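Everything on this sheet refers to the single structure shown next.
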Number of protein chains: 2
Amino acid sequence: MITINDIAEQAGVSRTTVSRVINNTGYVSEKARKRVMDVIGETGYVPSQHAKSLRTKKTKIIGVILPKISTDTSSRTVNGMTEVFEAIGYQILLTSTNLDSEKELEHLKLLQNRQVDGIILIATNTSQALLDEIKASKVPVVLVGQQMAGVPSVTFDDYAAARHMTTLMIEKGHKHIGYIGVDEADRSVGVLRKQGYLDVMTEHGLHIEDAWIQQGDFSIDSGYDAMKRMMHESAGSLDGVFAATDRMALGAWRYIKQQGLSIPGDIAIVGIGSSETSRFIDPAMTTIEYAHAQAGAAAAEIILQILEEDKEISDKKVLDFTLVERDSL
Amino acid sequence: MITINDIAEQAGVSRTTVSRVINNTGYVSEKARKRVMDVIGETGYVPSQHAKSLRTKKTKIIGVILPKISTDTSSRTVNGMTEVFEAIGYQILLTSTNLDSEKELEHLKLLQNRQVDGIILIATNTSQALLDEIKASKVPVVLVGQQMAGVPSVTFDDYAAARHMTTLMIEKGHKHIGYIGVDEADRSVGVLRKQGYLDVMTEHGLHIEDAWIQQGDFSIDSGYDAMKRMMHESAGSLDGVFAATDRMALGAWRYIKQQGLSIPGDIAIVGIGSSETSRFIDPAMTTIEYAHAQAGAAAAEIILQILEEDKEISDKKVLDFTLVERDSL
DNA sequence: CTGAAAGCGCTTACAG
DNA sequence: CTGAAAGCGCTTACAG
């Protein structure tokens with residue numbers, strides 16, 4: 001392996017000088033700089049990041065913790081971050097918790113040991129343990145998807161989105177609207193979206209049967225099962241279903257189709273997420289689109305600001321949503 | 001920051017001894033080990049990976065180069081790798097080329113500077129420049145999706161898969177079969193799949209109009225456009241289309257539906273890839289499934305063998321495919 | 001069973 | 001404008 005010493009020797013300067021030209025810092029005579037550059041060019045020398053990190057305590061690596069790597073949401077978010085980071089030479093160290101929230105804690109620790117400069121956590125819950133770990137973190141953490149006191153984050157306006165969608169359903173003449181949600185440990189998806197639905201229903205004086213509120217686990221199959229339960233247990237007047245995510249809506253869609261019912265004639269079905277599949281099914285699903293790439297980019301920018309400008313930031317950036325009206329409502 | 005020196009001091013031993021207990025190497029008396037462990041427990045000390053890497057030249061980080069992060073294929077592949085790596089404490093440094101093959105070279109260099117232990121490259125072409133860079137690499141590289149002389153790889157049997165699908169179409173009574181492919185710089189997708197189609201057609205003495213062979217660029221829209229061109233330029237007897245990827249097949253499907261044609265009644269349409277969407281559209285698409293997660297896992301295992309067992313491996317692992325028969329053929 | 005010492009490849013005051 | 005030297009936090013022969 002070729003080191004800074006080799007370059008210094010071949011260029012006939014000290015390694016201090018070599019370091020200066022590499023990092024473009026301090027004064028170096030044009031002559032010396034050129035000699036060093038030439039030798040670097042000839043040898044193809046690249047500085048050891050480890051040695052450098054050991055000294056400077058900086059790595060230019062950002063740890064990213066995802067709930068699951070193979071989802072539309074994750075990959076779009078990471079994509080957005082990548083664009084921002086790549087331009088300035090940062091790289092991403094990726095870990096996935098595979099939906100195991102214990103692992104969020106574990107990975108948070110792991111990444112710090114790796115001496116990443118910062119961590120972006122696509123969070124699925126807001127537990128106290130998680131908050132504690134974040135507060136204790138030696139490196140800045142920014143949250144995506146959830147908000148926590150004193151922690152910078154970028155989220156979508158889940159409550160407003162759910163309100164908007166529910167209102168739209170009512171405006172279109174639906175009155176007996178069911179809801180497929182997720183566990184409330186997930187504040188954004190589990191609590192806020194549901195609350196939006198509940199509040200709008202109440203404000204319109206609309207009754208909600210117990211059977212109309214079901215819970216899934218984000219998977220397509222769980223949406224299918226939830227829909228099935230809802231139909232079986234319901235008194236029968238159901239004319240619309242709002243699922244907290246497109247994947248669960250897709251499962252519900254599937255069950256309804258299998259029953260030979262018409263969408264939206266018999267039952268309207270809508271989701272949130274704007275997945276690719278939701279666009280191609282028949283009827284194409286009305287949904288709400290979140291700009292995940294933009295969220296990723298925003299998170300990247302926040303962490304960069306903290307790192308490079310050494311700012312104390314605890315911004316909570318809330319991104320807007322856009323309604324995608326198609327044919328299932 | 002708390003270091004090995006602090007631990008040594010508090011435990012009343014030398015840092016040599018601390019290092020020994022951390023790494024479970026050499027002799028340490030039970031008493032000393034316990035004291036050290038206790039102090040580590042109390043302090044929450046974690047060794048600096050950089051210092052360690054600087055000495056050992058190992059990082060336990062694998063660089064992964066993807067063509068595009070937000071695709072089904074990529075995320076499934078990465079998922080498969082993650083499972084293997086996670087179990088033994090390796091992590092993944094992810095970079096995406098965003099379909100820019102220049103960047104494959106660039107990232108190959110970049111990752112080496114990051115001192116990754118190895119690189120997994122999800123390749124989209126087999127250019128000489130790429131091969132040269134791989135050969136010159138200081139760390140082992142394993143290829144996914146393409147084969148190159150002397151480089152370990154895991155691929156799918158694209159030629160056999162295309163043959164299989166084309167044969168099936170013919171058996172189902174289709175004779176006028178078009179093909180939507182991609183650029184031939186991509187040997188696996190561009191050349192082998194097309195060759196499978198061509199050979200089977202020839203063997204059955206089936207004629208192929210010029211207009212029946214079109215090219216896309218992997219995107220849904222390009223499949224749509226290719227299908228449109230095919231229909232416009234064709235003499236009219238077309239009764240089936242085989243697209244090299246599900247996404248392009250999806251685009252083609254869309255165009256055919258828009259024309260009010262029946263699938264597979266008027267035209268059958270099939271793809272390769274088994275994307276989620278292909279399962280939910282109407283009619284559900286017949287396709288070929290590749291076990292991407294398994295490919296990722298296989299690649300991870302190969303690189304681990306090279307790294308941990310110090311073997312010289314240039315295995316070419318070829319994974320099988322499975323036909324997913326649905327309703328579009 | 002244990003420790004002193006050298007060294008991994010850098011950067012950064014400090015002195016000139 | 002330049003260099004000698006210290007030091008970042010580890011591991012690993014070597015000697016005892």
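Here the structure is a predicted model, which means the values were calculated and not measured. In the text below, chain A, chain B and the rest are named by the order of the sequence lines, each starting its count at 1.
Rounded to an integer number of Å, the gap from B/I7 CD1 to C/dT2 P is 17 Å. For B/K57 and C/dG7, the NZ to P distance is 14 Å, given to the nearest whole Å. For the pair A/I40 CD1 and C/dG9 P, the interatomic distance rounds to 16 Å; values are reported in whole Å. Here D/dG9 presents its P atom at 9 Å from CG of B/D6, a figure rounded to the nearest Å.
Of the candidate nucleotides C/dG3, D/dT2, C/dG9, D/dT2 has the atom lying nearest to any side-chain atom of A/A32.
Side-chain atoms of B/D132 and B/Q128 include a donor-acceptor pair closer than 3.5 Å. The closest side-chain donor-acceptor pair between B/Y45 and B/Q10, if any, does not fall under 3.5 angstrom.
Between B/F156 and B/H292, the ring-plane angle classifies as perpendicular under the 30° and 60° cut-offs.
Between A/L93 and the options A/I119, A/V116, A/I62, a side-chain contact (heavy atoms from CB on, under 4.5 Å) holds for only A/V116. If you run side chain to side chain donor-acceptor pair (under 3.5 Å) between A/Y290 and each of A/T77, A/D158, A/T155, A/T73, only A/D158 comes through.
An OP1 or OP2 oxygen of D/dT2 is reached within less than 4.0 angstrom by no side-chain nitrogen or oxygen of A/S14. At D/dT2, one or more side-chain N or O atoms of A/S29 fall inside 4.0 Å of OP1 or OP2 (strictly under the cut-off).
Contact check for A/D183 versus A/F218: no side-chain heavy atoms found under the 4.5 Å cut-off. Contact check for A/I65 versus A/I122: no side-chain heavy atoms found under the 4.5 Å cut-off.
Taking a pair as Watson-Crick or G-U with both hydrogen-bonding distances under 3.5 Å, the stems of three or more pairs touching DNA chain C are C:1-3 with D:14-16, C:5-12 with D:5-12, C:14-16 with D:1-3.
As rounded to the nearest Å, D/dA6 and D/dT2 have P atoms that lie 23 Å from one another.
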| A/D186 and A/Q146: CA distance, side-chain angles, deciding distance, side-chain hydrogen bond (donor to acceptor under 3.5 Å, both in side chains) verdict | CA-CA 8 Å; A/D186 185 327; A/Q146 305 281 346; 2.6 Å; yes
| query | Reading nucleotides 10-16 of chain C from the 5' end, what letters show protein touch, with B for base, S for backbone sugar-phosphate only, - for no heavy atom under 4.0 Å? | reply | BBBB---
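A/E308 CD: more than 12 foreign heavy atoms inside a 6.0 Å radius.
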